2 protein chains.
Amino acid sequence: MNSLEEVEDFVRNGHRHYLPHLSIDPVIFGYHDQQLKILLLNWKGLNGWGLPGGFIQRREPLSQAAHRILQERTGLENVFLQQFHTFGDSPYRLQERNPREFFEKYGVDMGEDNWLFERTLSVGYFALVDYSKVNVRTDFFTQNYQWCDVKEIPSLLFDHNEAVDKALATLRLQIYHQPIGYKLLPEKFTLPEIHTLYETILGKELDPRNFAKKLVALGLIKKLAEQRAIGPHRSPYLYQFEKETYEDALKQGIVHTY
Amino acid sequence: MNSLEEVEDFVRNGHRHYLPHLSIDPVIFGYHDQQLKILLLNWKGLNGWGLPGGFIQRREPLSQAAHRILQERTGLENVFLQQFHTFGDSPYRLQERNPREFFEKYGVDMGEDNWLFERTLSVGYFALVDYSKVNVRTDFFTQNYQWCDVKEIPSLLFDHNEAVDKALATLRLQIYHQPIGYKLLPEKFTLPEIHTLYETILGKELDPRNFAKKLVALGLIKKLAEQRAIGPHRSPYLYQFEKETYEDALKQGIVHTY
DNA sequence: ACTTAATAGCGTAAATTTTACGGAATAAAG
DNA sequence: CTTTATTCCGTAAAATTTACGCTATTAAGT
């Protein structure tokens, strides 16, 4: 949504194309520089940082809407995306932050009972993406973005902080049941990388020796011949997931501690 | 909703009181006779078995709506209720089963574009209740009910079978993180009772000796002096949850196998 | 009153997993 | 060629899980 015509049509007629009272605001996780990060957008009209988001078309299946929104924002297709909670306990989400002034500045009149003022529940999805493949696309409403370390999330719009917290908690709970490492890491990665990732998600230290030993013993990852040269010390070997063993293991749930 | 006036008002004006396109259909679990059961209602107008359900009032927080609906259907308050998924991938839920005939029989005209025909997403909650305390309340739309063993669920309305399956899967995943036994069992219970409950939920056999040993060793349950006389054999002792230890353990997640 | 059938539930030991760390190997900077 | 930083192999003790033998208790049947 970039031209003023599109925006005006969205404000005036959006309620005919989209389901009212509902939005999808995905928490997009990426991993870079040994940090777990989420994608935040700066919403101009609302004047603050928040999750990327979008509405559900009237005849569009819910999960398809989530994929479309993600595609529109990041260019990614076939992404791992999982619904984790529907937020509807803060009943008056948009009324707190009246964007009327913003639209008027551009000559768009919202009218009295514009659909964008109504109560909105948000279906929360989280996405696990390969950080290096994301191409954030901004639009009329969102001209800045940042990848923000989950340890330093600022105060966000609406109930988005609650959504981020819940997404993280879900990630933690499902770490042994979903392909979390597989989706967040690039194809080839080092032991320290996967080790730090799991420590970050679980929020606790894991003995690096035992951690690596377990992953290899279970046949979840395999060592490659290549090494990666980084820094003034021994070069780490590269590893790769054993896709089949890994997926089988997740079905059972990896009960062990890694 | 029992009188014809109420029903007529609901059909005609419900869209003013409730959020359109959304419903809540709780999966209510109870445990009786060594069987895990869910509550099903026979929906007259739709002519089939389905979950109890209801709509969200326009200014009502989502979780409060879930509790209200549960209260209206079963008389229970302060019930353990957990959201587990929002269903919106079958876009045309009600259009498959047109209840127009049913209402016309009672002289209620639905009109052409009645709100009840529109696409409806369903926010799925599951409840864990003490079977013995439930008082099912039927109404104009629902005159029969049954507690149905989860192993024998018939074909249900809309996507309710999917909802039941997903609720069960969630129960299984969360068995070591939520007070599942605590909420489903009566205050005092026997070892065989809790043992069968866990076997049913997990869908696999657990060695009864090790199972009991573990629960007692972790301090989750304690043996009472009383026994219960049942059947032509040794009477089992009664046990009770150690509420505090139990809740602490759940926060960590009981990693062990029981 | 004694036998039998049907469960309840204690106890022990072997197998497996987890935890804790010592220390060698490697790479680049000075 | 020494120092510093980091990778990651290996071993052993501790803890947990698994497997299963065996006794205890109750009521029904004879």
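So that the names make sense, note that chain A is the first sequence line, chain B the second, and so on, each numbered from 1. These numbers come from the heavy atoms of this one structure, side chains and all, not from hydrogens, waters or symmetry mates. Treat the numbers as computed from the prediction; the structure is a model and nothing was measured.
Here the P atom of nucleotide dT7(C) and the CD atom of E193(B) are 15 Å apart, to the nearest Å. At whole-Å resolution of the value, CG in L215(B) and P in dC10(C) are 12 Å apart. Atom CZ in F189(A) sits about 15 Å away from atom P in dT7(D), given to the nearest Å. In this structure, R228(B) atom CZ and dG9(C) atom C1' are separated by 17 Å, rounded to whole Å. At whole-Å resolution of the value, OH in Y176(A) and C1' in dT17(C) are 14 Å apart. Here the P atom of nucleotide dC9(D) and the OH atom of Y237(A) are 8 Å apart, to the nearest Å. Distance, N210(B) CG to dT17(C) P: 16 Å, rounded to whole Å. To the nearest angstrom, C1' of dA20(C) lies 17 Å from CZ of F211(A).
Along DNA chain C, the nucleotide nearest S235(B) and the nucleotide nearest S235(A) are compared for position; the residue whose nucleotide lies closer to the 5' end is S235(B).
Remark: R209(A) engages D207(A) in a salt bridge, criterion side-chain N to carboxylate O under 4.0 Å.
Under 3.5 Å, the side chain of R234(A) and the base of dA27(C) form no donor-acceptor pair of N or O atoms.
When side chains are defined from C-beta on, N144(B) does not count as touching L41(B), because their heavy atoms never get closer than 4.5 Å.
Across all their heavy atoms, Q34(A) and P192(A) have their closest contact at OE1-O, 4.1 Å.
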Task: Verdict with supporting geometry, Q71(B) and H67(B), side-chain hydrogen bond (donor to acceptor under 3.5 Å, both in side chains) - done: CA-CA 6 Å; Q71(B) 199 280 344; H67(B) 281 282; over 6 Å; no
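Looking at heavy-atom distances under 4.0 Å, P192(A) makes contact with sugar-phosphate atoms alone, never a base.
A donor-acceptor contact closer than 3.5 angstrom links the side chains of D139(B) and T142(B).
Out of dA27(C), dC21(C), dA8(C), the shortest distance to the side chain of H233(B) is found at dA8(C). The R209(A) side chain lies nearest to dC8(D) when the options are dC8(D), dC10(C), dT6(D). Among dT26(C), dT11(D), dA8(C), the nucleotide with an atom closest to any side-chain atom of K213(A) is dT11(D).
Between K223(B) and dC10(C) there is a side-chain polar atom (N or O) within less than 4.0 angstrom of OP1 or OP2. Dashed line: the shortest gap from a side-chain N or O of Q227(B) to OP1 or OP2 of dT26(D) is under 4.0 Å.
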